[in-house]
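Sending over a structure as structure tokens; questions will come in a sec.
Residues take their numbers from the sequence shown, with the count starting at 1.
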Amino acid sequence: MNVPSADSIVDVAGVGVGHFTDTRRPTGCTVVLTPQGATCGVDVRGAAPGTRETELLSPLNSVAQVHAVLLAGGSAFGLDAAGGVMRWLEERGIGVAVGPARVPIVPAAILFDLWLGDARIRPDADAGYAACVAASTQPPAQGSVGAGAGASVGKLFGIARAMKGGIGTASLRVGGFTVAALVTVNAVGDVIDPADGRVVAGARTADGTRLLGTMNAMLSGELPARVQPGAATTLGVIATDAVLTKAQANKLAQMAHDGLARSINPVHTMGDGDTLFALATGAAGRGADLTLLGALAAEVTARAVLNGVRAATRLPELPCAADFA
């Protein structure tokens, strides 16, 4: 079910989340708003990314803060949705002062969900704007909504044997700091519960009745289908209320990828564009030990992955985790 979570990314002060879910086919977008500004870093591990405004997040470059991060379906077409987020922010006077204008800074990343329905339908600027209108500081819905509406997992043996992915969130508070994650799970690989190594959702057997276990199948000599580059991708936003520099935010995004490695197997493949952003709102008013924050980031990322697929609802073409529970 698409139910709000009690522990979510909005537990970080200064963060709001909004979804837009297209009713015409399974696709959509999700915005993480930080209208007061937040330090941002990024780490791209997949081999087929689709991103916007990630280069400015380098510590070598001058932009200090961002005002939103957008995650969208629609493959590269979905990057258009960031324009709608910019429009919404500009209307409210939010952005970097540049001469007579204020320019909102909105990094974005997309995933491939064009398998399902009419591929000509994908998130656009109006979709990004609608996600902003829907945004709030209430715990966001999880599962088959927003950028997770058309997400799927377990595609190494073809989309016909895949399962439904989704969007999930989780948070932890330790030592006076909050670290949280929002992750859209659209992986080539299987989703694994790190607690017991069990496959929660992923590739199915040829008759579709059982979970295959992608890694065990490959070790036994079953060769995967050729995965089209850019046909998957897991995206996420890590957020904390600690004060961080841009260099530290980039390191936090890097460390959070360990959570993907614990919960998705295989991960960071040639068909994935796995990208994680890290936001630091500074609401706690002080810095924190980055080793602590990174460990927490990996943990909440793994939890968010599991929450996303467990909350997903089935499609006619794709069963969900609940069907195999």
Side-chain angles (χ1 to χ4, degrees), residues 2 4-5 7-12 15 17-19 28-32 40-46 49-51 69-73 107-113 131 139-154 163-172 178-194 200-202 232-240 252-265 267-268 272-279 294 296-312 320-321:
N2 300 328
S5 167
D7 64 315
S8 74
I9 194 169
V10 297
D11 292 335
V12 175
V15 171
V17 173
H19 296 305
C29 60
T30 298
V31 65
V32 179
C40 189
V42 67
D43 191 88
V44 180
R45 294 291 177 93
T51 59
V69 174
L70 178 79
L71 311 179
I110 50 85
L111 56 82
F112 188 97
D113 61 3
Q142 300 184 82
S144 303
V145 295
S152 54
V153 298
M163 289 177 61
K164 190 70 183 67
I167 191 166
T169 186
S171 71
L172 288 168
T178 302
V179 179
L182 179 77
V183 181
T184 302
V185 191
N186 187 55
V188 166
D190 295 344
V191 173
I192 310 293
D193 188 340
V200 177
T233 298
T234 294
L235 307 173
V237 179
I238 315 305
T240 181
L252 185 64
Q254 181 188 82
M255 297 173 77
H257 273 280
D258 290 348
L260 296 186
R262 293 173 195 169
S263 57
I264 300 172
N265 191 14
V267 71
H268 305 144
D272 288 296
D274 301 329
T275 300
L276 294 182
F277 297 93
L279 295 169
L296 296 177
E299 179 65 21
V300 293
T301 296
R303 294 186 185 189
V305 168
L306 291 172
N307 289 340
V309 296
R310 285 173 171 157
C320 62

Compare every heavy atom of A141 with every heavy atom of I167, then report the nearest pair and how far apart it is.
CG2-O, 4.3 Å
Please tell me if the side chains of T169 and N307 come closer than 4.5 Å, counting only heavy atoms from C-beta onward.
no
Side chain proximity check, V153 to V185, heavy atoms < 4.5 angstrom
yes
Is the shortest heavy-atom distance from the side chain of V200 to the side chain of I192 under 4.5 Å?
no
Test T240 against L279 for side chain to side chain contact (heavy atoms under 4.5 Å, CB included), laying out the working first.
CA-CA 6 Å; T240 181; L279 295 169; over 6 Å; no
For V17 and T30: C-alpha separation, side-chain torsions, deciding distance, then whether side chain to side chain contact (heavy atoms under 4.5 Å, CB included) applies.
CA-CA 7 Å; V17 173; T30 298; 3.9 Å; yes
Minimum-distance pair of heavy atoms, taken over all atoms of A304 and V183
CB-CG2, 3.8 Å
Without swapping roles, check the side chain of H19 against the backbone of A131 for a donor-acceptor pair under 3.5 Å.
no
For residues 179-193, pull every pair meeting salt bridge (Lys or Arg N to Asp or Glu O under 4.0 Å), keeping only residues two or more places apart or in separate chains.
D193-R310
Contact check, side chains of F277 and L71, non-hydrogen atoms, under 4.5 Å:
yes
Can you see which heavy atom on P140 is nearest to which on S8, and at what distance?
CD-OG, 3.6 Å
Say you draw a straight line from OG1 of T301 to CE of M255; how long is it, rounded to the nearest 0.5 Å?
11.0 Å
At their closest point, which heavy atom of V44 faces which heavy atom of H257, and how far apart are they?
N-NE2, 4.4 Å
For residues T184 and T234, determine if any side-chain heavy atom of one lies less than 4.5 Å from a side-chain heavy atom of the other.
no
Donor-acceptor pair, distance only, cut-off 3.5 Å: does the side chain of N186 make one with the backbone of A232?
yes
Within-4.5 Å side-chain heavy-atom neighbours: I238 and V179
yes
Does any non-hydrogen side-chain atom of V267 lie less than 4.5 Å from one of D272?
no
Under 3.5 Å donor-acceptor, K164 side chain and A149 backbone
yes
Student check: side-chain heavy atoms of V15 and I9 closer than 4.5 Å
yes
